[in-house]
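Reviewing the structure listed below.
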There are 2 protein chains.
Amino acid sequence: MTENLDATDWAILVELQQDGRLPLTELGRRVSLSASAATERVKRLESAGVIAGYRAQVDLGRVGYAVLAVIRLKYPGSKHEPLHRLLERRTEILECLRTTGDDCYTLKVAASSMSHLEQIADELSAFGSTNTNLVYSEPLPYRGPQTPPRS
Amino acid sequence: MTENLDATDWAILVELQQDGRLPLTELGRRVSLSASAATERVKRLESAGVIAGYRAQVDLGRVGYAVLAVIRLKYPGSKHEPLHRLLERRTEILECLRTTGDDCYTLKVAASSMSHLEQIADELSAFGSTNTNLVYSEPLPYRGPQTPPRS
DNA sequence: CGCCCGCGCCGTGGATCTGCCGGTACTTTG
DNA sequence: CAAAGTACCGGCAGATCCACGGCGCGGGCG
């Protein structure tokens with residue numbers, strides 16, 4: 001299941017995680033490969049599923065979502081479909097992790113205002129008890145894995 | 001600070017969040033614009049900071065990170081620099097949110113095994129008490145904002 | 001009203017990049 | 001040793017990107 005990646009593959013992953021639109025010819029230059037060799041590597045990584053896709057990253061604040069929050073949801077019972085339907089419908093919910101522990105779900109939610117956030121929290125409360133924390137800032141700019149696991 | 005976006009801008013954002021490498025000519029087709037008009041829109045969104053960048057998304061499991069965890073860190077005091085240095089050094093820490101509430105920081109951490117995770121949790125414990133939850137699954141495939149805020 | 005100006009969209013052409021092919025060197029396998 | 005496999009390179013045809021000038025529309029102003 002896990003692929004065998006050499007140092008060049010990792011260099012490619014680091015570059016493409018920093019700039020997903022990097023032209024393949026420039027990518028080849030940075031990892032000391034010809035454009036066609038770099039292309040073959042990238043295509044192999046894509047079709048092996050190592051590279052799952054490419055995403056534009058949009059600035060939440062600049063599109064009107066001023067509030068970011070982490071909501072933990074304690075979800076009793078095992079009927080998950082209604083919640084999944086809410087996840088589909090409510091695009092303000094950006095991320096959903098199902099975790100161990102008392103709080104079965106951890107959600108990342110964007111809202112335009114506190115009252116907007118309140119609405120979403122109310123909808124979630126229908127499923128179980130919620131625990132909301134506002135996000136002050138993100139000290140770490142987003143990144144993915146940069147090196148092979150060391151231990 | 002927040003930009004004025006019309007329906008076409010939002011359509012562009014949705015497309016580029018789904019596929020960041022979409023050729024501009026195909027993007028124009030999908031949002032009913034000529035290639036050059038679509039290009040101008042995208043460049044405007046980029047230079048306004050609405051589009052913060054493009055990222056390749058890599059599959060953590062396939063590159064050897066079998067374990068994903070959310071670690072909440074209760075951080076007494078106000079000396080944040082040492083923690084920020086750890087964030088830089090430890091590339092296993094993928095995301096860091098500073099939040100309200102008892103748990104000042106919420107971290108997303110990838111590890112290759114439980115013992116690897118244990119090492120990282122130990123390092124974090126030097127800063128305060130930690131609370132770790134393993135991630136079973138991500139019911140929601142990653143997405144960014146899809147529509148203008150509604151309320 | 002008539003004019004000018006700015007804005008957004010469009011089409012074009014040259015530079016660049018992509019995708020595909022054949023060829024080479026090295027390694028693995030029978 | 002020969003055959004097959006792997007990874008790389010160079011080169012070419014076609015697609016894409018990008019900067020430019022032109023067009024149409026609406027607002028401001030004498």
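All values reported here derive from a predicted model rather than from experimental measurement.
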Suppose we screen for ring-ring contact (aromatic ring centres under 6.0 Å, His included). Which residues come up paired with B/H80, at least two apart in sequence or across chains?
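B/Y75, B/Y105.
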Assess whether side-chain hydrogen bond (donor to acceptor under 3.5 Å, both in side chains) is satisfied between B/Q57 and A/R55, documenting all intermediate values.
CA-CA 7 Å; B/Q57 199 181 27; A/R55 304 281 138 77; 2.5 Å; yes
Spacing between [X] atom [atom1] and [N] atom [atom2], to the nearest angstrom:
{"X": "B/N4", "N": "C/dC7", "atom1": "CG", "atom2": "P", "value": "14 Å"}
{"X": "B/R44", "N": "C/dG6", "atom1": "CZ", "atom2": "C1'", "value": "15 Å"}
{"X": "B/L33", "N": "D/dC17", "atom1": "CG", "atom2": "P", "value": "15 Å"}

Could you check whether any side-chain N or O of A/D19 sits under 3.5 Å from a backbone N or O of A/L16, counting only pairs where one atom can act as donor and the other as acceptor?
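No, A/D19 side chain to A/L16 backbone: no donor-acceptor pair under 3.5 Å.
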Letter by letter from the 5' end, nucleotides 16-27 of chain C scores (B base, S sugar-phosphate only, - none; protein heavy atoms under 4.0 Å) -SSSB-------
Distance-only criterion, 3.5 Å: show the donor-acceptor pairs between side-chain atoms of residues 127-140 of chain A and protein atoms not counting sequence neighbours.
residue: A/N133; atom: OD1; partner: A/R72; partner atom: NH2; Å: 3.4
residue: A/N133; atom: ND2; partner: B/T100; partner atom: O; Å: 2.6

Do B/Y54 and A/Q17 have side-chain N/O donor and acceptor atoms under 3.5 Å apart?
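Their side chains do not contain a donor-acceptor pair, so the 3.5 Å distance test is not met.
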When you compare the side chain of B/R29 with that of B/L24, does any pair of heavy atoms fall below 4.5 Å?
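With C-beta onward as the side chain, the pair stays apart.
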Does A/R41 place a side-chain N or O at less than 4.0 Å from the phosphate oxygens OP1/OP2 of D/dC8?
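A/R41 to D/dC8 OP1/OP2: side-chain N or O found under 4.0 Å.
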